[in-house]
There are 2 protein chains.
Amino acid sequence: MPTLPTKSSWTRIAVLFLQGGASLQFSMIPMNLITDPASQTADYIMTGSWAEKAYAEAKKLFADVRMAASSKGVNYSRIPAQEELTLNPGATYVHMTSNNTIFGTEYPYRPETGSVPLVCDASSNILSRPVDVSKYGIIYAGAQKNLGPSGVTVVIIRKDLLGRKANLPSMLDFQALAKEGSMLNTPPTYAIYILGLVLEWVKEQGGVTEMERRNVSKANKLYAAIDESSFYLCPTEPRSRSRMNVPFTLAKPELTDAFLAGAKSAGLVTLKGHRSVGGMRASIYNAMPEEGVEALIAFMKTFERSNG
Amino acid sequence: MPTLPTKSSWTRIAVLFLQGGASLQFSMIPMNLITDPASQTADYIMTGSWAEKAYAEAKKLFADVRMAASSKGVNYSRIPAQEELTLNPGATYVHMTSNNTIFGTEYPYRPETGSVPLVCDASSNILSRPVDVSKYGIIYAGAQKNLGPSGVTVVIIRKDLLGRKANLPSMLDFQALAKEGSMLNTPPTYAIYILGLVLEWVKEQGGVTEMERRNVSKANKLYAAIDESSFYLCPTEPRSRSRMNVPFTLAKPELTDAFLAGAKSAGLVTLKGHRSVGGMRASIYNAMPEEGVEALIAFMKTFERSNG
C-alpha cells in the first residue's frame with residue numbers, strides 16, 4: 001500500500017502531491033516565489049506551447065517576465081543550447097519545459113543557472129531517466145504521462161523556496177500544503193494511490209535507470225527507421241530529439257491520411273501529429289513496450305514498400 | 001458513457017467540473033466576484049468549521065468580509081434562522097454552508113437574500129434532496145460525499161457571474177474554465193467518469209426526489225432512536241438537524257469507548273465523533289442503505305440494554 005511521504009521524511013526537499021494538473025503550477029510558482037511583482041524578474045526558456053502557456057500565466061502576475069531564449073522561429077524544432085540562453089543573474093527563477101510533447105523535443109542537457117533556482121515542468125518526461133533532483137529549485141509534473149492518472153500533480157521543491165510569500169490562499173500556498181503533508185484538504189486519493197502503484201512498478205522493473213535504457217532503445221530504433229529512409233522525415237534537430245514523443249512526416253504529405261488509416265487497421269492508434277507540426281507523432285512513454293515501437297516500425301516499412 | 005455538459009447545453013447556468021476539492025473554491029469565489037477588494041463586501045453565515053475556513057480564505061483577499069450570523073456560541077449546534085441574519089443589501093454575495101459534517105446541522109430553509117447572489121457550499125448534501133438551482137448564484141460541491149471520488153469539484157454558476165474579473169490565472173477563472181467546457185487542461189478524467197456513473201445511478205433509483213425520501217426515512221429512524229431513549233443524547237437543535245451526519249453522545253460519556261469498540265465488532269465503523277463534539281457521529285450519505293441505519297439502531301438498543 002503506497003503512502004504519502006510525511007512532512008519529515010526529506011530534509012532539504014519537500015515532495016507535494018497536489019490536486020489537479022500542472023497548468024495550475026504555471027500560476028502557483030510565480031504566486032509563491034514573486035513577493036514583489038514590481039521589481040522581480042524571471043527567465044523563461046521558450047521551447048513550445050507549454051512554455052508559452054507558463055509564460056502567459058506568469059505575465060498576468062508580474063510585469064518583467066523575460067524570454068531567456070526561444071526556438072519559435074524554427075517552429076520549436078530544437079532546444080536552445082546553454083550558450084544561447086540570455087540569463088539574468090538577478091532573476092528570481094529560470095523556467096524550463098524539459099520535454100515538449102507537440103514538437104518532439106527534449107533537453108539534452110540541464111541548463112546551468114548559477115545561484116538562480118531552476119524550475120522545471122517535467123510533466124511529459126519525469127521518471128523516464130535519472131534526474132539529479134538536487135540541481136533544481138522546483139520540478140513539477142502532472143501525473144498523466146509517466147506517473148499515473150490525471151488529477152494529481154507532483155511538486156518537488158527545495159524547502160528554502162517554501163514560505164516566501166505570506167497570506168496566500170491556503171490551497172495555492174506550497175508552504176501550507178507542505179506543512180500538512182499534501183493533506184490540507186481531502187487529496188485526490190485514487191490518483192495518488194495509482195501513482196504509488198506506478199512508482200512501485202518502476203522500482204520493480206529496475207528503477208529510472210532501467211526506464212532510461214528502455215526509452216533510449218525504443219527511441220533509437222524509431223529515429224533510425226525514420227532517418228534511414230527518405231520516405232520519412234523527422235522535423236526535429238537530432239541533438240534535441242525527445243525520447244517520449246517522436247514526430248515524423250512523409251516526403252509525400254498527401255499520403256498522411258492513408259498512413260494513419262493503414263496504421264489504425266494495424267492496431268496503431270493516436271498517431272496523428274499536432275496540427276502545428278502535421279504528419280504523425282508517436283508518443284512512447286514509459287508504458288509503451290518495445291514491441292509497440294517495433295510494430296510501428298514494421299508497419300512503416302510495409303507502408304513505404306507499398307507507397308514508396 | 002457519461003459526458004461533460006457542453007458549453008451550450010445550459011442557457012442561464014454553467015456547470016463546471018473542476019480539478020481538486022471544494023477548499024480551492026473558498027478562494028476562487030472571492031477571486032472571481034470581488035473586483036474591487038477595497039470597497040466590496042460579502043456576508044458569511046457561520047455554521048461550522050467549513051464556513052470558518054471559507055471565511056478565513058476570503059479574509060485573505062478582501063478586508064470587509066462580514067459575519068451575517070454565527071452559532072459558534074452554542075458550538076454550532078443550530079442553524080441561524082432567517083430573522084437572525086444581518087444581511088447587507090450592498091454585499092457582493094452571501095456565503096452559506098448547506099450541511100455541516102462535524103456538527104450535524106443542515107439548513108431547514110433557503111436564506112432569502114433579495115438581489116444579492118447566494119453562494120452555497122453544498123459539498124456534503126448535494127444530491128440528497130431536490131434544490132431549486134435557479135435560486136442560487138453559485139452552488140459548489142467537492143465530489144467525495146454524494147457525487148463520486150475525491151479530486152473533482154462541481155460548480156454550478158449563474159452565467160452573469162462569469163467574467164467579472166479580468167486577467168485571473170486561467171485555471172482559477174470561472175469564465176475561462178466555462179468557455180472550454182471544463183477542459184482548459186486535462187481534467188481529472190477518472191473522477192469525472194465515476195461521477196457520471198453516480199449521476200446515472202441516482203437517476204435510475206428515481207432521482208433526487210427518491211434520494212430525499214430515503215434520506216428522510218433513514219434520518220428520522222435514527223433521530224427517533226436517539227430521542228426516545230435517555231441513554232442517548234443528540235446535541236443539535238431539532239429544526240437544524242442534518243439528514244447526512246447524525247451526531248449523538250451518551251448520557252454516560254465514560255461508555256463512549258466501549259460503544260465504539262462494540263459497534264466495530266458488529267461491523268459498524270467510522271462512528272467516532274469529531275473531537276469538537278465528542279461522542280459518535282453516523283454519516284448516512286446517499287450511499288448508506290437503510291439497512292445500515294437499521295443495523296446501527298439495533299446495536300444501539302442492544303448496547304443500552306447491557307449498559308443502561
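Computed from a prediction, not measured in an experiment: that's the story for all the values here. Chain letters run A, B, ... following the sequence lines, proteins first, then strands; residues in each count from 1.
Taken to the nearest 0.5 Å, the CH2 atom of Trp50(A) stands 7.0 Å off from the CG atom of Asn185(B). The line from NZ of Lys60(A) to CG of Asp173(B) is 6.5 Å long, rounded to the nearest 0.5 Å. In this structure, Gln25(A) CD and Met171(B) CE are separated by 10.5 Å, a value rounded to the nearest 0.5 Å.
When every heavy atom of Pro169(B) is checked against every heavy atom of Met31(A), the shortest pair comes out as CG-CE, 3.7 Å. When every heavy atom of Leu24(B) is checked against every heavy atom of Gln19(A), the shortest pair comes out as CB-NE2, 3.8 Å.
Annotation for Lys59(B): atom NZ counts as buried by contact number, over 12 foreign heavy atoms lying within 6.0 Å. The number of heavy-atom neighbours closer than 6.0 Å to NZ of Lys272(B), taken from other residues, nucleotides and ligands shown, is 12 or below.
Results of the side-chain contact (heavy atoms from CB on, under 4.5 Å) test with Thr186(A) over Ser150(B), Pro149(B), Ser123(B), Ser23(B) single out Ser150(B) as the only residue that passes.
In terms of non-hydrogen atom pairs under 4.5 Å with chain A, the most contact-rich of Pro188(B), Gly151(B), Gly142(B) is Pro188(B).
With hydrogens and angles left out, the side-chain atoms of Ser170(A) and Lys53(B) include no donor and acceptor closer than 3.5 Å.
No part of Leu18(A) comes within reach of chain B, as not one of its non-hydrogen atoms sits under 4.5 angstrom from that chain.
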